[in-house]
Protein chains: 2
Amino acid sequence: MNGRFAISMHILTLLAKANGEWVTSDFLASSVNINPVLVRKELSNLRNKGLVISREGKNGGSMLAKPASQIRVSDVFLATRQGAFLGTSRNIPNPDCPVGKQINKHLDTLYEEAENALIQQLGDSTLDSFSRRFD
Amino acid sequence: MNGRFAISMHILTLLAKANGEWVTSDFLASSVNINPVLVRKELSNLRNKGLVISREGKNGGSMLAKPASQIRVSDVFLATRQGAFLGTSRNIPNPDCPVGKQINKHLDTLYEEAENALIQQLGDSTLDSFSRRFD
DNA sequence: TAAATCTGTAACAATAAACAGAACAGTTAT
DNA sequence: ATAACTGTTCTGTTTATTGTTACAGATTTA
């Protein structure tokens with residue numbers, strides 16, 4: 001799995017701490033310690049999901065699109081996840097095998113149930129409560 | 001994320017269906033549609049976690065180490081997971097930044113809480129109940 | 001309007017992870 | 001002894017992820 005959730009949480013925490021100031025991708029990148037372009041890509045995604053807004057030009061940057069108390073950690077999970085979170089094999093199971101023929105269907109069901117439980121748990125935390133954990 | 005959980009679930013379902021017969025890695029590989037060596041690697045891992053047993057030599061193969069009703073899906077998750085399941089960024093956050101300095105510690109806490117909820121949910125299903133979903 | 005400072009995005013390179021396959025030693029049944 | 005397996009290592013290939021450069025466009029400030 002990749003680190004998009006962790007990076008987005010890091011970015012959003014910084015924005016929550018900035019409290020209404022426009023924060024540049026260079027500043028975010030130096031805290032996360034990755035390339036500013038990668039930060040902008042993540043910001044682009046978070047923007048599409050309605051979690052942040054950005055302003056171009058001089059004195060530009062990004063900030064939260066709504067109060068940190070209204071952003072749940074599950075929103076971040078949903079914004080950054082890609083595909084089945086428990087993993088999928090990229091090979092196509094043997095359709096001539098009774099198990100291979102149905103395995104993906106049943107795994108999907110299992111994944112959905114598991115993911116719902118996970119989302120519910122993550123929904124208990126907001127970005128605000130998370131960012132308050134920092135000194 | 002990789003597909004080790006999915007592959008292990010597939011393998012274990014086949015073994016559950018085999019009901020006490022020794023099943024060869026070639027047979028498992030042809031259903032999963034991956035290389036037999038990869039299957040044996042997964043079997044090696046499942047064996048180390050006490051979920052399957054194997055027998056070498058002619059007429060050898062693998063079978064479940066205990067009844068399918070005593071293998072929970074969470075056991076498979078725990079056997080196949082590697083590292084933080086929500087993903088970690090491989091870069092080291094800036095230690096001079098108040099957020100960067102602490103982000104990993106707080107993410108770890110968050111992950112642990114989320115993972116506990118996930119494991120509890122997955123613990124509700126056994127390999128037996130899963131394999132009964134197949135026609 | 002010109003310069004400075006940002007974002008947005010595309011294109012490509014570099015790196016890391018996952019997977020495939022060959023090879024072969026060791027084990028067991030017949 | 002032979003055949004049919006597992007267990008493991010090694011190496012190559014493919015795929016996914018991350019890094020970098022480059023540059024157009026937006027906005028503020030002077």
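- Exactly one of A/D75, A/V73, A/L64 qualifies for a side-chain contact (heavy atoms from CB on, under 4.5 Å) with A/L127. That residue is A/L64.
- Atom NZ of B/K101 and atom CG of B/N94 lie 10.0 Å apart (nearest 0.5 Å).
- If one axis is set at each end of the helix from C/dT1-D/dA30 to C/dT30-D/dA1 from five pairs, those axes are 20° apart, to 10°.
- Non-hydrogen atoms lying under 4.0 Å from DNA chain C are contributed by nothing in residues 17-25 of chain B.
- Residue A/R47 places at least one side-chain N or O closer than 4.0 Å to OP1 or OP2 of C/dG8.
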Contact pattern, 5' to 3', of nucleotides 25-30 of chain D - B, S or - by protein heavy atom under 4.0 Å: -BBBS-

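- Taking the six-membered ring where the residue is Trp, B/Y111 and A/F5 present tilted rings, their angle falling between 30° and 60°.
- Here ring pair (Phe, Tyr, Trp, His ring centres under 6.0 Å) pairs that include residues 35-54 of chain A, with residues two or more places apart or in two chains, number zero.
- B/R40 is linked by a salt bridge (charged side-chain N to carboxylate O under 4.0 Å, His left out) to nothing, counting only residues two or more places apart in sequence or in another chain.
- Judged purely by distance below 3.5 Å, without hydrogens or angles, the side chains of B/K41 and B/N45 never pair a donor atom with an acceptor atom.
- Between the P atom of C/dG8 and the CG atom of A/N45 lies a distance of 13 Å, rounded to the nearest Å.
- Each of A/G60 and B/L38 was assigned the nucleotide of DNA chain C with the nearest heavy atom; the assignment lying further toward the 5' end belongs to A/G60.
- In this structure, A/W22 belongs to a hydrophobic cluster whose other members, linked by side-chain heavy atoms under 4.5 Å apart, are A/I53, A/M63.
- Among the nucleotides D/dT20, C/dT7, D/dC10, the one closest to any side-chain atom of A/N35 is D/dT20.
- Of the residues listed (B/N35, B/L38, B/I34), the one engaging A/N91 in a side-chain contact (heavy atoms from CB on, under 4.5 Å) is B/I34, and it is the only one.
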